[in-house]
Each structure stands twice: as C-alpha cells, then as structure tokens.
Amino acid sequence: MKKMGENPGSLQEESNMHQHGEGCCNNAPSEKKWAQYKWPLVSFVLLVQGLINDQLKLYTNPEWFRLVWYMGAYLPIGLPILRTGWLNIKKGEIFTEFFLMSIATLGAFILGKYPEGVAVMLFYTVGELFQHAAVDKARGNIKALLDARPDEALVFRGGDFVTVRPESVKIGEHLKVRVGEKVPLDGVLLSAKAVVNTAAVTGESKPNTLQKGENLYAGSINLEGVIEVETTREFKDSSIARILDMVQNATARKSKTELFIRKFAKVYTPIVVFLAMSLTFLPYFFVEDYIFKDWLYRALIFLVISCPCALVISIPLGYFGGLGAASRNGILFKGASFLDAMTKLNTIVMDKTGTITKGVFKIKEIKSFGMEEREFMGYLMAMEAQSTHPIAQAILQYKNGNISKAVEVSELAGKGLKGIVNGKKVLVGNRALMDANGITVPTETDSIVETIIMVGVDSDFLGYVTIADELKEDAHQAVQQIRNVGISELIILSGDKDSITQKVAMELGLDWAKGGLLPEDKLNEVEKLKQRSDNVISFVGDGINDAPVLAISDVGIAMGGLGSDVAIETADVIIQTDQPSKIARAIKIARSTRRIVWQNIALAFGVKALVLILGAGGMATMWEAVFADVGVALLAILNAVRLQQMKWD
C-alpha cells in the first residue's frame, strides 16, 4: 500500500508496489505462488499453540517462555512491516499503515499482550494476501484482453505468406488467418464468409458470421476455415489496441468519491494518531485512579482501528471492478468518474443515423432532370467516392454509373460536398446546400420523407436520389430498457430530414425529436437542455459531426463499431457492439458499482466508529480492533469482488 494519505493511482501501481517490497507479502517474481503463505501459516500455528499453552499453563517460566514463544510467532510476519515503516520514516512518510501497525503491536508486547500483538500483525498480513487476490481478480479482464492481443501475423509478401510482428504490417496488405488463430489487425474480409468469436472485442460470446467485404476486428478468433483479410488500420490503431489503452488508463480518472477518500485519509490518519496520544496522557489530569498501562492499551486499540484500509483499498477496487465488468459487456468507460456520472443521468439525447438506425443505406429512387440516369449517377458517384459517409457507400453500390474523377472536393458540415467533375462545379447534399448556392429545387421534393441527396451542376438542379435506412434490431428494446432504468426524457437530435426524424421518434415512442440540424444546432439544443435545473444529460452518437455535442454533454457515449475515430476519442463511454440496448446496461453497471462503493463506506465508517468509541471507553480489546480493521477490510473487499460475478440483463 501507499502512504495512508494517498489513494492508489491504479491497482496496477498498487500491485507493483507490493511486488517491490512495500508490504508484508512481497515475493520475488520467481518464487512459487504458495510460498507467500508460508510465514503467515507458521505464525498462525505458533499463535494457536501459544494460546493453548496459556490455557493449559504449560510454561515452567511463564513470562520469559511466553515472550520468546510469541516473538517467534511475531517476527516472521512483523519484520517486513517494521522494516518498511522505518524506511518510510526515513523518507519523511510517518503516518503510514506500517507505522500504525508497528507502534500498536510493539506497544502490545510492552504491555504483555503478546497474543494480541501477534494477532494484529497476522490478520493484517492475511488481509494483504486477500487484497492481492482481489486485485488479481479485478484485473483478470485486462489480462484476458492482453491474452487476446495477437502476437504474429501471416502477411502476403514476395509471392508467399510470411510470419511477421503485427506492428510491421501496413494498411492495405493481405493477411491469412487460420482456424483458431486471432485476427491480428482490423480489416475487411476478402474471403466469401467467416465465422468469428468477437468476445474479447465486443463482449458478445456467440459466434458472428461475416460476409465478404464486412469489417473484422483485431483480437477476433477465426472459428471456421482459412480466411483472408485486407488491413484497414495499423496495429497501434486497431480495436484491441484501443480497448487496452482505454481500460488500462481508465483508473487515472478518479471518481469524486475516490478523491474525497484520498483527501479524507490524508487528514484523518494523523488526527487519529494524535487523539491516541491524547487518550494515553490526558486522562492523567482528570481521572483519579489513572493507570498508564490501561490508557496506553486503549490508545493502541485506537491506533489499530484507525487504519483506513477498508476504504483506501475497497473503493478503488470497487470502481475497477465496475470498469472491468463493463468492458466484459462490450462497454468501455474512460474513467471511474464517468461511472459516477452515469448514475445521475435523467435525460438521454441520441443521434439517429448509425446510433438507433443501422446506418446501412440503400437507394430507393433515382430521379434525374435533363440527362440520362447513368450520366447523372456518374456525377454523383464521382463526388461520393471522396466521402466515407454510410450514404456515400450506398450510392457507390450503383452498378451502371460511369464514375469520373472529382477534384477539389471539400465537405460542408451539415450540408454536403462541393467539387469539380469534368470541369463543372458540382454540389451534392441537402436542400440547404442548394439554397445557399442559388439553385432552384423542384417542389415535388418537399413531400419526400426519406433521406434525399440532391445534385446541382453549375447553377442547375440535376436531380436527386432517395435513400432508405432502417432501425437497429434492438432499437425498441433499447428504448424500453432505458425507460425501465428510470430515464425521464428520451430525445433524438439529427442532421437528417425532420420528417424522417419525427417518423423514427414516433415509432420508438420518444418524448420529442428535431431533425435537419447542423452540428452547431445540436450543440445549441443540448446547451439549452443543460440549462434546466438538475438536468444531467448523455448524448449518444457516432459521427464526426457529433464530436462537439459528445464533448459538452455530461456523459458522451459513442458507438465504437461504426463510429468515427473523432467521436470515439471525444466520448466518455464507448459501446463496442453498436447496440443501443447497451446504454441501459451501462447505467445498471454504474449503479451497481456505486451501490457497492457506498455500502463499503458505510460498513467501514460504521464499524470503526463503534469500536473506536468502545475502545476509548475501555469496553473493547485488541481482538475487536483486529475485526474493525482487518475484518471490515476483508468484508469490503469481498463485497467489491461481487461485481465480477454480477449479471445485468
């Protein structure tokens, strides 16, 4: 453990600290795992035998023999603590748990309370071992992710497939993945079909069947036949690398509860030490039958109880468990602070396309004016070939277009594209783009509900294409589950046509919706919502144009599968599976985490306060102090570990 006033920066740091000697249970990396229990077991056997000896009065020279016997039980576990406490004092770190344990147990020996002195140190040591086990369990999901990280790739070079490190593979290279192997980098499937297990990436355990041209994620396991993949990202930008980075760095962002406990412990521990000193000496001036040994014993009890181990370990362990549980469910929180914020949400605002709809568009109708459909589509496809938007991909599926080369193409946020094709100025986008450039649009387009892509060449309206999208399979389920967890307001803000947006909102039974919005309009709408008293807002989106709103919302949630890198980087929570139903699950996990953290706080403060009062009044012994310290810490740790077994359906 660290200095008592410092909450561990992460469980990784804490684990490293134990391994490097700052604790009773440190071991060389090569030492067998069971060996760490050897000395605590020796001490336990000697302590039990000593208590039996005391009861049966087997000593020939009682006090001398008892001292030697119990020192034999104390030193194997006490020496590392005494040494670490002394080293910390030399560094100026006085108020550490090692100091408290050393003073309390040595004081017990001075008072002849040998069994109590050994018991305090023994149970503290056992508590450390339990903490190690709990930390390892909480970090198990990260270890699983590390195991899922591919360490080699079969890449086609020089006329044959050769084995290389994934870090050396470039975008556009062809990979071969055999049965049972991990997909080494993100890419698109070149083979006709693939069946993969994506549990490490998305949290979904059931096999996923993909067709040629669909995306594959690094870390997925190929289950059937040899497949070939064309890489679309370098290894450092792959899904599995991104997940690892997010999960491993998540503990750096502390919740307010963790930060409070850190500040509290920094003040609390020295205050209790001085109260213990006062408890020893002040009664001399007020109590007639003052006995120094009695009041010193009470002060030692006070010191043992004062150690806030249950808080400084179980609270970060609880949050870490919540982060791990979420990542196992395909939900990545970028920090414990967002777990806390998620519990307070009362309004969820969602984008439409790619968030609650599939974002997989198909051409429904093509209407051109003054030219053949094939030529019209040539202009449109030339422009859309420069875009990565899902609508562009749908248009490029048109088979008969004669694609020309588009140059000087630029994106106009919330409106569309402009560029040059065959020497002509071409505009592709919505009604606002046409109006801004003085192009007259036929009135027949006003009644079209579907997404419409308009094309203007020079100053003439060339035609339009209508595009159809559909709701995700779990969209209705997502809305119902979000309602069930108590979210009072559900809203859609979309850049798509208002008529389409209203239709989707009505079908899902949302509170209200607004379409035809530019990125700045979405921003303004969310800012208005934030001005309401006690309104805590989450925005859910997936596109580049959602990044500003994701940034200003209390909790930004991005769809991590189809979502843009900008949205994913800006968001606070990433849903790897693109399933809106995971929003409700994220809220449930956050609430479970917070509930366990506050249960531990109440347990630790309640029991410690009670035993502190009893100890000061002489009604509690060192045995009750051991329970109030180590026992409560163990109960709190076991409570935190429960998050690893919970289900949120």
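Treat the numbers as computed from the prediction; the structure is a model and nothing was measured. These values consider heavy atoms only, across backbone and side chains, with no hydrogens, waters or symmetry-generated copies.
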Just by distance, do the side chain of [X] and the backbone of [Y] share a donor-acceptor pair under 3.5 Å?
X	Y	value
N222	V177	yes
T84	I81	no
N329	A325	yes
S538	V555	yes
S168	V164	no

Sequence-distant partners of [X], salt bridge (Lys or Arg N to Asp or Glu O under 4.0 Å), two or more places apart:
X	answer
R642	none
E152	none
E224	none
E624	none

Distance (rounded to the nearest 0.5 Å) between [X] [atom1] and [Y] [atom2]:
X	Y	atom1	atom2	value
N600	L635	CG	CG	9.0 Å
I587	L345	CD1	CG	5.5 Å
K236	L185	NZ	CG	11.5 Å
L339	Y319	CG	OH	7.5 Å
W39	T125	CH2	OG1	13.0 Å

[X] side chain near [Y] side chain, heavy-atom distance below 4.5 Å:
X	Y	answer
M71	Y114	no
R83	N88	no
Q49	W69	yes
P115	L47	yes
Q576	L332	yes
F338	M342	no
I557	D572	no
V196	L223	no

Where do [X] and [Y] come nearest, in terms of heavy atoms and distance?
X	Y	answer
I583	I575	CG1-CD1, 3.7 Å
A153	V169	CB-CG2, 4.1 Å
G112	R66	O-NH1, 4.1 Å
A586	I331	N-CD1, 3.8 Å
L643	G318	CD1-O, 3.2 Å
A218	P184	CB-O, 3.6 Å

Can you name the side-chain contact (heavy atoms from CB on, under 4.5 Å) partners of [X], sequence neighbours left out?
X	answer
V68	W64
L638	none
L106	Y74, L82
S43	P76, I77, L122

Quiz prompt | Results of side chain to side chain donor-acceptor pair (under 3.5 Å) for E181 - residues two or more places apart only | solution =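 R178.
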
Practice problem: Name all residues meeting the side chain to side chain donor-acceptor pair (under 3.5 Å) criterion together with W648; count only those two or more places apart in sequence or in a different chain, and write none if there are none. | Solution: S592

Quiz prompt | Exercise: do N53 and Y70 side chains pair donor with acceptor under 3.5 Å | solution = no

Going by atom type alone, with no hydrogens or angles, which donor-acceptor pairs under 3.5 Å involve a side-chain atom of residues 284-305 and a protein atom two or more places apart or on another chain?
{"residue": "Y290", "atom": "OH", "partner": "T280", "partner atom": "O", "Å": "2.6"}
{"residue": "Y297", "atom": "OH", "partner": "M622", "partner atom": "N", "Å": "3.0"}
{"residue": "R298", "atom": "NH1", "partner": "A616", "partner atom": "O", "Å": "3.2"}

Quiz item: So does M619 have more than 12 non-hydrogen atoms from other groups sitting under 6.0 Å from CE?
Solution: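 Yes, because the 6.0 Å sphere around CE of M619 holds more than 12 heavy atoms from other groups.
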
